[in-house]
Peer 1: 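The structure follows.
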Amino acid sequence: MAHVIWDHNPPTTWIANVDGQALCSIKRKDIGGWTAAWTDDRLWPPPAHLPKAMPQPTQFFSSLEEAKQAVESALGA
């Protein structure tokens, strides 16, 4: 299991680091919500309401906590 360390670049960005490597950035959007973008070749699975959509490197979340939890879950933390 990976141990995620969160670095904060105020006011809008959080970076998920595992073993000193930045793997995902979470950024606050001006319109509300947060996007989580992988910095490597990982992809987010398509949302349940669009099962035929292509996996994407970025996913939208309504809250920072939801985004962090999804990143940690995807990394197996």
Side-chain angles (χ1 to χ4, degrees):
M1 300 236 303
H3 178 70
V4 178
I5 297 173
W6 291 99
D7 288 333
H8 184 216
N9 184 2
T12 61
T13 305
W14 291 83
I15 306 292
N17 291 290
V18 175
D19 296 329
Q21 181 179 4
L23 296 179
C24 189
S25 67
I26 298 175
K27 295 184 180 183
R28 185 174 67 206
K29 306 308 290 177
D30 291 340
I31 60 171
W34 299 78
T35 56
W38 296 113
T39 59
D40 57 10
D41 294 334
R42 297 172 199 260
L43 297 173
W44 291 103
H49 68 283
L50 296 170
K52 293 183 181 180
M54 296 294 295
Q56 299 291 319
T58 303
Q59 186 166 324
F60 180 82
F61 297 93
S62 59
S63 72
L64 176 60
E65 294 75 26
E66 179 187 11
K68 282 183 169 182
Q69 184 178 18
V71 170
E72 290 175 357
S73 178
L75 293 173

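Index from 1, following the sequence.
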Peer 1: With a cut-off of 6.0 Å (strictly less than), are more than 12 heavy atoms of other residues, nucleotides or ligands near CG of Asp19?
Peer 2: no
Peer 1: Checking Trp14 side chain against Lys68 main chain: does a donor-acceptor pair fall under 3.5 Å?
Peer 2: no
Peer 1: Between atom CD of Gln56 and atom CG of Leu43, what is the distance when rounded to the nearest 0.5 Å?
Peer 2: 7.5 Å
Peer 1: How long is the span from the CH2 atom in Trp34 to the NZ atom in Lys27, to the nearest 0.5 Å?
Peer 2: 11.5 Å
Peer 1: Give the minimum heavy-atom separation between Ala22 and Thr39, together with the two atoms involved.
Peer 2: O-OG1, 2.7 Å
Peer 1: Would you give the length of the straight line joining atom NZ of Lys52 to atom CG of Leu50, rounded to the nearest 0.5 angstrom?
Peer 2: 11.0 Å
Peer 1: Any heavy-atom pair between the side chains of Phe61 and Val71 that's under 4.5 Å?
Peer 2: no
Peer 1: Hydrophobic clustering (ILVMFWY, side-chain heavy atoms < 4.5 Å, transitive) - are Leu23 and Trp6 grouped together?
Peer 2: yes
Peer 1: Step through the shown structure and confirm whether more than 12 heavy atoms of other residues, nucleotides or ligands are within 6.0 Å of CD on Gln69.
Peer 2: no
Peer 1: State yes or no: do Trp38 and Val4 share one hydrophobic cluster built from I, L, V, M, F, W and Y residues joined by side-chain heavy-atom distances below 4.5 Å, directly or via other members?
Peer 2: yes
Peer 1: To the nearest 0.5 Å, what is the distance between CD1 (Ile26) and NE2 (His8)?
Peer 2: 10.5 Å
Peer 1: Give, for atom CD of Glu72 and atom SG of Cys24, the distance between the pair rounded to the nearest 0.5 Å.
Peer 2: 10.5 Å
Peer 1: With side chains defined as the heavy atoms from C-beta onward, is the minimum distance between Asp7 and Asn17 less than 4.5 Å?
Peer 2: yes
Peer 1: What heavy-atom pair brings Ala74 and Trp44 nearest, and what distance separates the two atoms?
Peer 2: CB-CZ3, 4.3 Å
